[in-house]
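Since the structure comes first, as structure tokens, the remarks are kept for the end.
Hydrogens, waters and symmetry mates play no part in the numbers below; they use all other heavy atoms, side chains included. Atoms within each ligand, like the ligands themselves, are counted from 1 in listed order. Position 1 is the first residue of the sequence; numbering continues from there.
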Amino acid sequence: MTRTPILHPAPELLLDYAAGSLREVQALLVASHLAYCPDCRRQVADFEAFGGVLLEEVPAEPVSVGLLDAVMARLSEAPAPPPTPEPAHPIRSLLPGPLRRAVGAEPEALEWVRIVPGIHVSAWALSVGTASACLLRMGPGSRVPAHKHTDCEMLLVLKGGYSDEHGRYAVGDVAAYEPHTPHHAVGDRDGECLCLLVQDQPLVFTGPLGWLLNRGIRF
Ligand SMILES: [Zn+2]
């Protein structure tokens with residue numbers, strides 16, 4: 001049975017991002033997704049707004065996986081926050097602001113390395129610890145070769161779209177692949193697809209615990 005793609009970063013990633021504890025490379029992907037996604041911007045704003053409330057209302061002991069549920073339950077009771085203004089784009093760019101700043105150039109100005117016909121990765125890469133990011137370009141209808149990866153992979157679509165066995169991904173969508181899960185990406189036939197590709201060892205989410213640790217709570 002195929003699952004329906006989620007298309008957004010996992011809630012744990014958004015929580016870590018709001019708490020400022022998300023790893024740099026993953027934070028780049030989340031920040032870039034936020035430029036496209038008002039729902040996740042609202043979610044992050046909620047997490048930020050409720051950080052202080054949590055410290056008052058969630059007992060510090062024991063810290064459990066239930067904490068995230070407690071956060072989500074609190075948020076579901078919360079009034080809707082005011083709409084977040086669209087981020088300003090003073091410079092017209094294919095890349096969302098955070099990614100444009102990280103890459104420092106438009107995609108066409110980058111050097112590209114051909115993997116197989118139709119599939120290129122950027123020479124630009126960001127590497128921090130075990131995590132790395134680069135841009136991935138799929139020509140129209142091109143297939144990313146089947147590959148066995150031991151790392152987690154996340155893709156954020158920046159231009160065009162692609163499909164895999166789970167569904168289709170359009171601009172702004174996030175796809176996440178666990179280690180050892182084969183997946184077969186095929187670029188849309190009607191144009192080039194450009195993605196941000198993030199790879200890392202399986203994440204040990206620092207989410208709920210990191211949230212409290214970042215605020216000075218010690219256990
Ligand atoms: Zn989203």
Side-chain angles (χ1 to χ4, degrees), residues 2-51 54 67-89 93-103 126 131 133-136 138 152-178 181 183 185 187-188 193-200 202-203 205-208 210-211:
T2 58
R3 67 178 169 82
T4 306
I6 307 286
L7 306 180
H8 304 269
E12 292 89 338
L13 284 175
L14 295 179
L15 182 57
D16 267 7
Y17 179 84
S21 59
L22 189 60
R23 297 180 195 179
E24 187 179 342
V25 174
Q26 284 85 357
L28 176 63
L29 182 137
V30 170
S32 299
H33 173 72
L34 293 183
Y36 298 105
C37 183
D39 290 345
C40 286
R41 282 204 299 275
R42 242 186 325 269
Q43 181 79 83
V44 166
D46 284 349
F47 283 143
E48 288 170 348
F50 276 84
L54 277 176
L67 182 54
L68 181 58
D69 293 337
V71 175
M72 300 307 277
R74 285 288 307 165
L75 292 178
S76 66
E77 299 164 8
T84 310
E86 292 292 322
H89 286 290
S93 170
L94 182 63
L95 305 177
L99 187 57
R100 187 177 64 235
R101 285 188 288 277
V103 175
L126 174 67
C134 67
L135 301 181
L136 172 71
M138 305 176 211
C152 292
E153 289 188 357
M154 285 195 293
L155 284 170
L156 168 67
V157 180
L158 305 165
K159 177 188 170 191
Y162 79 93
S163 299
D164 65 11
E165 46 273 82
H166 306 301
R168 181 172 179 274
Y169 306 86
V171 170
D173 290 343
V174 171
Y177 304 100
E178 294 300 312
T181 51
H183 54 100
D188 285 358
C193 178
L194 180 71
C195 297
L196 172 65
L197 167 64
V198 167
Q199 296 175 300
D200 199 357
L203 284 179
F205 285 116
T206 55
W211 178 268

CG of L196 to CG of L95: how many Å apart, nearest 0.5 Å? 9.0 Å
Is a donor on one side and an acceptor on the other found under 3.5 Å between the side chain of H8 and the backbone of D173? no
For the Zn ion (ligand 1), what is the number of protein N, O or S atoms at a distance under 2.8 Å? 4
Residues in ring pair (Phe, Tyr, Trp, His ring centres under 6.0 Å) with Y162, at least two apart? Y169
So among V174, L99, L34, which one has a side chain to side chain contact (heavy atoms under 4.5 Å, CB included) with L29? V174
So, taking the atom named CG in L156 and the one named CG in L136, what distance separates them when rounded to the nearest 0.5 Å? 11.5 Å
Let me confirm one number: the CG-NE2 distance from L14 to H33, rounded to the nearest 0.5 Å. 7.0 Å
